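Okay, so here's the structure we're looking at.
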Amino acid sequence: MTETIRFLMCSPDHYDVDYVINPWMEGNIHKSSQEKARQQWQQLYHILKDRALVDLVPPEKGWPDMVFTANAGLVLEKIVVLSRFLHKERQGEEPYFKQWFEDNGFTVHELPKDLPFEGAGDALLDREGRWLWAGYGFRTELDSHPLIAKWLDIEVLSLRLIDERFYHLDTCFCPLSGGYLLYYPDAFDAYSNRLIELKIPEEKRIIVEEADAVNFACNAVNIGEVIVMNKISDDLQYKLASKGFEVVQTPLTEFLKAGGAAKCLTLRTTEPLIPDHHANVTIESRILQLEGHLLDAGIMNKALDVVVGNGGSFKVLNFTLGIERQSTSSAEVRVSAPSHEVMEEIMVQLIDLGAAARPQEICDVNTAVVAQDGVAPDDFYVSTIYPTEVRVNCEWVRVENQRMDAAIVVTESPEGKTAKCTLLRDLKAGDRVMVGVEGIRTIRQAESREQRNSTQEFTFMGAGVSSERRVELTVEQIAWEMRQIRDQGGKVVVTAGPVVIHTGGAQHLSRLIRDGYVHALLGGNAIAVHDMEQAIMGTSLGVDMQKGIPVRGGHRHHLKIINLIRRHGSIAKAVSAGVLTKGVMYECVKNNVPFSLAGSIRDDGPLPDTEMDLIKAQEEYSRLIQGADMILMLSSMLHSIGVGNMTPAGVKMVCVDINPAVVTKLSDRGSVESVGIVTDVGLFLSLLTQQLDKLTRPLVETV
Ligand code: ARG
């Protein structure tokens with residue numbers, strides 16, 4: 001018997017499953033046997049009494065979970081951090097536990113209201129006393145960890161729980177003597193697993209399989225070499241024995257019904273303080289500001305979801321609610337994250353939502369110098385489609401050439417300060433590039449409160465008449481905008497794949513070009529080849545476009561066309577020679593609509609006009625989309641994604657594809673301006689030209 005070790009237990013006189021606050025309790029209300037529970041508890045009590053001292057806190061009627069004394073608080077020496085239960089079903093236990101601690105000479109620390117922490121259920125001391133492992137994610141809030149570190153003067157390592165079956169740290173994690181750790185890795189997020197692996201060498205990690213984990217194998221009481229737990233597999237028993245542990249198994253089925261086992265039923269109240277270990281928390285906090293239609297446009301929800309979803313925690317320091325329908329709100333939020341790495345991940349996403357650190361707090365921009373041409377510093381900030389500003393020498397400077405996936409290069413000279421999106425390959429040694437997340441904000445249009453559903457998706461002939469009608473409505477809207485753009489001298493860019501030709505869309509796209517609705521065409525080798533194949537030979541990839549059936553020997557047609565154009569030297573020359581007399585490419589040449597054909601690995605030929613140097617092709621594309629008001633993306637995932645990557649927010653993108661996955665991928669840029677339409681592209685173009693005809697006919701008549 002080790003006199004120095006003490007446990008606190010609470011007899012199960014009033015124990016029952018009365019409510020559901022964890023997945024184990026579901027379906028088990030009043031299903032546990034009082035008698036059996038008492039026996040199982042007694043057995044555990046005696047096992048412990050043989051090896052340590054056991055104190056008892058009197059059970060209280062109406063608080064059935066009080067048996068789980070692990071949740072009374074967290075003890076170190078004579079200090080206790082009292083639990084603040086998340087669920088009201090258990091909050092009533094707090095005063096009884098507090099009383100017991102006070103009666104037994106402990107200094108009691110209490111967390112602020114609404115900052116839950118569930119004691120030794122969620123905080124486990126390393127058995128060598130080196131640090132405290134603290135769980136969060138379900139019952140305990142991350143923001144409680146710094147307070148615990150301060151009160152107990154100990155290093156706290158935060159671990160995030162992600163499987164609700166393992167809602168308390170002690171259900172899936174058990175530090176053992178000798179520096180061993182018994183745990184179930186899948187209950188933790190990737191960052192936490194990395195932290196565990198960093199702290200505990202591989203030979204000391206004892207991994208529990210799911211089958212044992214769900215039998216609460218990790219919910220064990222460790223006293224020296226002895227481990228007391230519910231029934232476990234022979235495998236695990238053997239594993240533990242091979243590390244020199246003696247496993248004492250005792251059935252605790254009745255308590256499993258409430259989501260607890262051996263460890264939950266006990267609280268070790270003698271945890272000696274190891275000298276020379278001091279408070280240390282890796283938790284980072286930042287104060288951010290948000291402004292806009294925070295409630296109506298759902299920004300506040302999104303922002304807080306980003307924080308929690310990535311393993312952080314928050315405190316809303318103040319919130320000023322816009323009173324009128326059109327007035328904006330503002331908020332100041334303190335965000336905490338378990339590590340710097342997680343904080344940056346959260347910040348990058350919050351910046352996209354328009355959050356920024358208080359400007360007065362950032363003066364010098366956060367930059368690093370490029371050491372090698374074409375290579376950014378590790379921590380470089382990756383740009384997004386949203387208009388962005390960065391702090392250069394205490395001032396916000398608007399970023400030029402906004403696009404996603406670039407680095408931001410800043411300069412400061414007597415002429416002024418600049419910031420510019422620059423592709424990795426264009427970085428030069430000596431450039432100053434924004435790194436980290438400090439001093440960066442995106443300017444989100446205070447989008448009108450009505451427009452909160454950013455992407456609309458329409459399915460043509462997907463489900464009943466209404467969706468068909470919806471495509472028509474969308475096409476009407478697009479036609480209206482295209483007419484406006486044309487009449488105001490704006491710019492519409494089309495990216496198109498060969499499907500446009502295969503589905504009979506060539507005639508309609510040709511019309512659009514001829515009528516001045518298209519101001520640049522982007523595609524690959526194939527659309528041009530099949531368009532000209534159709535114009536010259538009447539087939540598209542060998543299929544007769546009138547009859548819709550393959551033509552004998554038709555598969556060779558496109559090569560004949562490529563060869564023909566190659567003979568003439570370019571598409572334009574074939575047009576002047578009178579060889580090409582209609583179709584999409586013909587109209588481009590005739591109407592001086594610039595086009596760019598970007599090559600790919602699968603191209604036949606290629607056509608002389610196809611740019612096989614992809615860097616040049618990207619530059620061409622990016623030049624042609626400058627100043628675009630609308631981009632019509634017609635059935636080409638490859639070229640459309642390429643274009644999407646270069647396009648800043650604010651440009652209306654219309655994506656048409658028969659495959660919903662493509663439409664979702666392209667229109668899901670989180671910008672209000674994109675519209676996705678799931679339909680046959682030939683049909684879409686036909687509807688569009690019809691609608692444009694309707695819009696222009698009366699005008700034509702009056703001329
Ligand atoms: N029914 C209790 C709850 O959900 C079980 C607590 C188990 N305790 C523990 N330390 N894991 O709160």
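Note that ligands are numbered from 1 as they come in the structure, with each ligand's atoms numbered from 1 the same way. Since we're looking at a predicted model, the values are computed, not measured.
Between W24 and F216, the gap from one ring centroid to the other is short of 6.0 Å.
A salt bridge does not link D114 to R84: none of the charged side-chain nitrogens sits closer than 4.0 Å to a carboxylate oxygen. Classification of E271 and R127 as a salt-bridged pair holds, one side-chain N sitting under 4.0 Å from a carboxylate O. Ion pairing of R139 with D122 is absent here, as no side-chain N (NZ or NE/NH1/NH2) approaches a carboxylate O to less than 4.0 Å. Between K199 and D126, no side-chain nitrogen of the basic residue sits less than 4.0 Å from a carboxylate oxygen of the acidic one, so the salt-bridge criterion is not met.
Near G121, the atoms of ligand 1 lying under 4.0 angstrom from a non-hydrogen atom of the residue are 10 (N). Under a 4.0 Å criterion applied to the non-hydrogen atoms of I21, ligand 1 contributes the atoms 3 (C), 4 (O), 12 (O). Listed by number with element, the atoms of ligand 1 under 4.0 Å from a non-hydrogen atom of R139 are 3 (C), 4 (O), 12 (O). With ligand atoms numbered from 1 in the order given, ligand 1 contributes 10 (N) to contacts under 4.0 Å with heavy atoms of A70.
Heavy atoms from other residues, nucleotides or ligands lying under 6.0 Å from CD of E164 number 12 at most. With a 6.0 Å radius and a threshold of 12 heavy atoms from other residues, nucleotides or ligands, K78 has its NZ atom above the threshold. Within a 6.0 Å sphere centred on NZ of K315, other residues, nucleotides and ligands contribute 12 heavy atoms or fewer.
Remark: minimum distance from atom 9 (C) of ligand 1 to any protein heavy atom is reached at C264 SG, 2.8 Å. Looking at atom 10 (N) of ligand 1, its nearest protein heavy atom turns out to be D170 OD2, 2.7 Å.
Heavy atoms of W24 come nearer than 4.0 angstrom to ligand 1 in no pair at all. Ligand 1 lies less than 4.0 angstrom from a heavy atom belonging to M25.
At under 3.5 Å, a nitrogen or oxygen of D65, whether backbone or side chain, sits near a nitrogen or oxygen of ligand 1. Checked against a 3.5 angstrom limit, the closest N/O atoms of T171 and ligand 1 fall outside it. The distance criterion of under 3.5 Å between nitrogen or oxygen atoms is not met by N219 with respect to ligand 1. Checking only distances, A258 does come within under 3.5 Å of ligand 1, N or O to N or O.
Taking both residues in full, the closest heavy atoms of E291 and S330 are given as CG-CB, 3.6 Å, listed atom of the first, atom of the second, then distance.
Heavy-atom proximity to atom 12 (O) of ligand 1, evaluated over H87, M66, R90, E93, is greatest for R90.
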